[in-house]
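Here's the structure we're looking at; comments come further down.
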Amino acid sequence: GAEFRGKSANVMLGPGLNVHRIARGGRNFEYLPGEDPYLGARLARSFVEGVQSQGVMAVLKHFGFNEQETHRDYVNSVVDDRTAWELYYQPFEA
């Protein structure tokens with residue numbers, strides 16, 4: 001947050017919170033949670049609070065099911081409710 005505040009920015013486009021499910025995911029390096037949704041939830045909360053403490057807004061990115069690069073513009077991700085809530089949504093709920 002301090003870096004963005006120092007540049008007179010009031011919004012940070014991040015953190016990315018999708019959970020890694022596929023090792024070849026092209027954006028895995030951007031995602032804070034890694035493969036662990038519980039850890040992601042803990043990190044996300046602290047990260048966002050730290051950014052906001054500097055007067056900068058944090059915009060959570062890439063809401064769930066964003067792990068396929070092949071045909072990413074028109075892929076249909078089918079995920080049952082239990083998997084979605086137990087795995088993908090935890091970092092966003094934090």
Side-chain angles (χ1 to χ4, degrees):
E3 179 182 354
F4 281 80
R5 176 53 56 207
K7 295 178 181 180
S8 298
N10 59 1
V11 177
M12 175 186 179
L13 298 178
L17 295 180
N18 203 24
V19 176
H20 297 190
R21 291 293 303 266
I22 298 173
R24 322 179 283 225
R27 292 182 170 232
N28 281 353
F29 69 95
E30 294 180 15
Y31 298 139
L32 189 61
E35 298 172 351
D36 186 346
Y38 175 77
L39 176 62
R42 304 273 310 220
L43 292 173
R45 183 180 192 96
S46 297
F47 187 97
V48 170
E49 287 174 352
V51 170
Q52 290 178 342
S53 74
Q54 299 297 311
V56 176
M57 292 183 285
V59 178
L60 307 179
K61 292 175 49 175
H62 304 297
F63 188 74
F65 324 131
N66 183 32
E67 65 264 334
Q68 181 167 326
E69 292 298 311
T70 305
H71 309 299
R72 65 181 294 176
D73 293 335
Y74 53 88
V75 69
N76 180 21
S77 298
V78 178
V79 180
D80 65 273
D81 286 344
R82 181 177 178 182
T83 301
W85 285 103
E86 289 181 4
L87 184 68
Y88 287 103
Y89 296 159
Q90 285 187 43
F92 291 94
E93 287 186 307

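Bear in mind the structure is a predicted one, so any value in this text is a computation, not a measurement.
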Would you mind listing every side chain to side chain donor-acceptor pair (under 3.5 Å) that reaches into residues 46-59, with sequence neighbours excluded? Arg45-Glu49
Minimum heavy-atom distance Ala9-Val56, with the two atoms named: O-CG2, 3.8 Å
In this structure, CG of Leu60 is separated from CG of Leu17 (nearest 0.5 Å) by 5.0 Å
Donor-acceptor contact present, side-chain Arg5 to main-chain Asn10, <3.5 Å: no
Residues in salt bridge (charged side-chain N to carboxylate O under 4.0 Å, His left out) with Glu35, at least two apart? none
Could you pull out the closest heavy-atom pair between Ala58 and Pro15, with the gap in Å? CB-CD, 4.5 Å
Do Val48 and Val51 have side chains that get closer than 4.5 Å, going by heavy atoms? no
Checking one residue: Leu13. Which other hydrophobic residues are in its cluster under the side-chain 4.5 Å linking rule? Val11, Met57, Val59
Once side-chain hydrogen bond (donor to acceptor under 3.5 Å, both in side chains) is applied, do any residues pair with Arg42, and if so which ones, sequence neighbours excluded? Tyr38
Nearest atoms (heavy-atom pairs only) where Gln90 meets Trp85: CG-O, 3.8 Å
Rounded to the nearest 0.5 Å, what's the gap from CG on Leu32 to CG on Asn18? Could you check? 12.0 Å
Among residues at least two apart in sequence or on other chains, which ones pass ring-ring contact (aromatic ring centres under 6.0 Å, His included) with Phe92? Phe63
Give me the atom names and distance for the closest heavy-atom approach of Val79 to Ala84. CG1-N, 3.8 Å
Contacts of Tyr31 that satisfy ring-ring contact (aromatic ring centres under 6.0 Å, His included) - sequence neighbours left out: His62
